[in-house]
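What follows is a short report on a single structure.
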Amino acid sequence: MIGKLKVFNSLTRQKEEFIPLNPPHVGMYVCGPTVYSNVHLGNVRTFLSFDVVNRYLRFLGYKVRYVRNITDVGHLSDTGEDKISKKAKLDQLEPMEIVQMYTNDFHDVMLKFNAIPPDIEPSAIGHLMEQVEMTKKLIENGYAYESNGSVYFDVEKFHKENDNSYGALSGRKIEDLLSETRDLDGGSDKKSPLDFALWKKASPEHIMRWETEWSEGFPGWHLECSVMSTKYLGEEFDIHGGGMDLQFPHHECEIAQNCGSHGHGGARYWLHTNMLTVNGQKMSKSLGNSFLPRELISGDHELLNRGYSPMTIRFFMMQSHYASTLDFSNDALEAARKGYIRLANGMRTLRGMEWAEDEGELNKKQVEQINKICDNCYYAMNDDFNTALTIGHLFNLVKKVNSLHTGQLNFAEIGKEAFDRMKETFIGFSEDVLGLRIESDVDYKALIETILGEYKSAKFNRDFERVDKLRAELKAEGIIVKDMKDKIEWAFEE
RNA sequence: GAACAUGUAGCCAAACUGGUAAGGCAGAAGUCUGCAAAACUUCUAAUUGCGGGUUCGAAUCCCGCCAUGUUCUCCA
């Protein structure tokens with residue numbers, strides 16, 4: 001490994017050297033989507049950012065256990081209804097049908113963007129027992145109380161007894177939070193407005209409900225992540241990721257639950273990805289500027305001039321740092337599209353290139369340059385996964401690749417060693433780390449039609465040698481030419 | 001209203017925790033080409049939001065202002 005990996009830890013607001021608890025193993029938990037609708041492009045950005053984190057850690061040789069949950073219960077909308085059941089009622093479907101439908105959609109989308117699936121993808125409903133257990137434990141430890149069939153986490157008590165730690169992750173002061181929420185609505189079962197639900201008694205119309213000793217109800221949203229990360233990664237693990245909007249209160253509550261139940265905060269490094277904007281404005285449904293991954297790919301949206309391929313979008317996202325806001329605009333996407341083509345062509349050229357003895361002698365300067373660029377790829381990724389900088393370095397390698405390709409630079413000048421390193425580094429970083437792959441938007445059907453046109457004219461000219469050759473070549477690709485009475489058709493070889 | 005971010009060429013976006021501004025797109029010229037495209041070479045473009053301060057030196061640190069964003073203010 002070249003250099004040291006540093007990550008920006010939200011917990012300390014500093015870049016820190018990444019040291020796993022049990023190398024070579026790394027445990028990483030990322031908050032997944034609530035599957036009540038099609039996955040939002042902002043979600044995609046977050047998951048692609050952590051896909052790169054996962055990929056780079058593996059690239060460095062770590063054995064990563066990547067856990068990303070599916071939230072299928074407990075996440076409430078602003079009207080107080082469960083997001084899943086609200087949608088289920090609306091569509092007159094079973095909640096689990098909603099869950100399945102949008103989980104499938106989510107998986108399809110992530111696959112299109114070439115994201116490596118998590119190693120474990122647990123769901124909240126699948127871990128109800130464990131959530132009940134943790135709630136009991138919190139009551140036992142004195143950090144939770146039952147009130148009218150619901151169970152709440154006692155934030156102030158926890159805060160006092162644990163080094164005033166509530167708010168540490170999000171940089172909030174409990175006094176400020178309290179003064180901001182001074183007015184308690186009379187109907188609340190909570191002791192303090194800061195308290196959050198671990199178990200919530202279900203109202204009569206609530207359709208997702210389970211029987212427990214406290215009431216027939218459902219688990220609080222924050223609880224599932226504490227439970228599932230602890231179960232699969234342990235009381236202490238390495239990385240916890242999620243969108244910046246989850247930092248407070250979701251992740252803050254998660255830490256409190258962890259500490260309150262087993263004395264450890266969970267992850268040692270907390271990573272947060274930034275938000276997506278469109279033409280400088282926040283992407284939101286109410287502003288009418290949000291779009292689905294599908295719409296971005298097809299271009300079927302009033303704000304888009306055209307569609308952009310999944311790899312173009314992935315490349316576009318990689319061109320900024322995950323902790324910066326990223327702005328979507330036609331101009332920016334168009335620039336990314338062309339940039340991606342340039343990089344992909346470099347990838348393709350280099351893939352088909354082998355070092356060959358030719359004229360000239362070793363040019364030390366060239367060798368140094370190539371080695372330096374290769375090193376820089378590591379330094380860039382080591383610096384808190386700076387994909388944007390990495391891509392900049394890759395473009396510098398593309399220049400070398402193209403120079404070799406056009407003969408402006410000879411193989412002999414750079415030597416086999418530097419060439420092999422360049423090839424390994426370039427392909428390793430672009431494909432394995434950044435997850436970019438060559439995608440062809442070539443319409444193979446149109447291509448076949450073009451060749452068949454050739455076939456037809458050769459036949460018309462009675463150039464049977466050429467006819468036979470074309471037919472054989474197509475057959476080699478699994479395509480059968482069918483000479484009909486008045487036309488020529490083709491089919492896949494059975 | 002509060003907290004925390006962000007503000008870099010026409011557009012997007014980096015800058016390894018102060019040392020004199022990567023890279024991509026767009027633009028210009030040239031090489032190559034039947035013509036293109038691609039590719040290559042070279043070039044062009046930034047007083048780093050505004051105003052102060054610290055420093056030999058600041059995009060980077062401090063203060064104020066402006067703009068934008070996120071979270072919180074009602075939240076289970």
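Just so it is clear: chains get the letters A, B, ... in the order the sequence lines come, proteins before strands, and each one is counted from 1.
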Span that lies between the P atom of B:U68 and that of B:U8, in whole angstrom: 14 Å
Side chain of A:Gln319 - closest among B:G23, B:A15, B:C40: B:G23
Sugar-phosphate only, base, or nothing, as touched by A:Met275 at under 4.0 Å among non-hydrogen atoms: sugar-phosphate
N or O in side chain of A:Arg342 less than 4.0 angstrom from B:G24 OP1/OP2: yes
Base-pairing mate for B:A26 - Watson-Crick or G-U, with both contacts under 3.5 Å: none
B:G18 versus B:G24 - spacing of their P atoms, nearest Å: 28 Å
Residue A:Tyr152, side-chain atoms from C-beta onward, closest of B:A76, B:G24, B:U71: B:A76
Sugar-phosphate, base or nothing in reach of A:Ala332, heavy atoms under 4.0 Å: sugar-phosphate
Distance test, side-chain N/O of A:Asn386 to OP1/OP2 of B:A15, below 4.0 Å: yes
Along RNA chain B (nearest heavy atom to each residue), the more 5'-positioned of A:Ser170 and A:Gly220: A:Ser170
Check ion pair A:Asp375-A:Arg421 (N to O, under 4.0 angstrom): yes
Criterion ring pair (Phe, Tyr, Trp, His ring centres under 6.0 Å) on A:Phe429 and A:Phe59, from CA distance to verdict: CA-CA 9 Å; A:Phe429 275 85; A:Phe59 182 79; 5.0 Å; yes
Side chains of A:Trp214 and A:Ser150, donor plus acceptor under 3.5 Å: no
Proximal nucleotide (of B:A76, B:A39, B:G23) relative to the A:Phe395 side chain: B:G23
Between C1' of B:C40 and CG of A:Asn396, the distance in whole Å: 15 Å
Inter-nucleotide C1' distance (B:A76, B:G69), Å rounded: 27 Å
Among B:A13, B:A76, B:U71, the one nearest A:Ser320 by side-chain distance: B:A13
Under 4.0 angstrom between A:Thr390 side-chain N/O and B:G23 OP1 or OP2: no
Nearest to side-chain heavy atoms of A:Lys338, which nucleotide of B:A14, B:C25, B:A76: B:C25
Atom C1', compared across B:G49 and B:C40: separation rounded to whole Å: 39 Å
Base paired to B:U47 (Watson-Crick or G-U; both N/O distances under 3.5 angstrom): none
Sugar-phosphate, base or nothing in reach of A:Ala197, heavy atoms under 4.0 Å: sugar-phosphate
side-chain N/O A:Lys190 vs B:A76 OP1/OP2, d < 4.0 Å: yes
B:A21: pairing nucleotide in any strand, Watson-Crick or G-U under 3.5 angstrom: none
Complementary nucleotide for B:G69 - Watson-Crick or wobble, under 3.5 Å: B:C4
Given B:C40, B:A14, B:A26, the nucleotide with the shortest approach to the side chain of A:Asn402: B:C40
Other residues, nucleotides, ligands: >12 heavy atoms within 6.0 Å of A:Lys6 NZ: no
Among A:Asn382, A:Thr387, A:Thr390, the one residue meeting side-chain hydrogen bond (donor to acceptor under 3.5 Å, both in side chains) with A:Tyr56: A:Asn382
Same-atom distance (P) from B:A14 to B:G23, integer angstrom: 15 Å
Touch class at under 4.0 angstrom, heavy-atom based, for A:Thr349 against every strand present: nothing
Distance in angstrom units between A:Lys372 NZ and B:C16 C1', rounded: 12 Å
Interatomic distance where CD belongs to A:Gln14 and P belongs to B:C16 [whole Å]: 15 Å
Touch class at under 4.0 angstrom, heavy-atom based, for A:Tyr340 against every strand present: nothing
Neighbour count >12 (heavy atoms, 6.0 Å) for atom CD, A:Glu361: no
Separation of the C1' atoms in B:U42 and B:U6, to the nearest angstrom: 36 Å
A:Asn274 side-chain proximity, nearest of B:A5, B:A14, B:A13: B:A5
Nearest listed nucleotide, side chain of A:Ala388, among B:C40, B:A14, B:A76: B:A14
Sugar-phosphate, base or nothing in reach of A:Asp384, heavy atoms under 4.0 Å: nothing
Opposite nucleotide pairing with B:C32, Watson-Crick or G-U, both atom distances under 3.5 Å: none
Mutual orientation of the aromatic rings belonging to A:Phe218 and A:His206 [parallel < 30°, tilted 30-60°, perpendicular > 60°]: parallel
Gap between atoms CG and C1', on A:Leu397 and B:G23 respectively (whole Å): 12 Å
G-U wobble or Watson-Crick pairing nucleotide for B:U55 (cut-off 3.5 Å, both distances): none
Sidechain N-carboxylate O distance under 4.0 Å for A:Lys423, A:Glu354: yes
Side chains of A:Tyr29 and A:Asp238, donor plus acceptor under 3.5 Å: no
Integer angstrom distance from the C1' of B:U60 to that of B:U17: 8 Å
Side chain of A:Thr406 - closest among B:A14, B:C72, B:A39: B:A39
First encountered from the 5' end of RNA chain B, between A:Lys15 and A:His393: A:Lys15
Atom pair distance, as rounded to whole Å: CD in A:Gln408 and C1' in B:A38: 13 Å
Nucleotide paired to B:A38 in any strand shown, Watson-Crick or G-U, under 3.5 Å: none
Whole-Å C1' distance, B:U55 and B:C63: 16 Å
Sugar-phosphate only, base, or nothing, as touched by A:His321 at under 4.0 Å among non-hydrogen atoms: sugar-phosphate
Nearest-nucleotide pick for A:Phe248, side chain only, options being B:C12, B:U71, B:C40: B:U71
Rounded interatomic separation in angstrom, taking CG from A:Leu326 and C1' from B:C11: 13 Å
Distance in angstrom units between A:Gln247 CD and B:A3 P, rounded: 16 Å
Atom-pair distance (CG on A:Asp195; C1' on B:C74), nearest Å: 16 Å
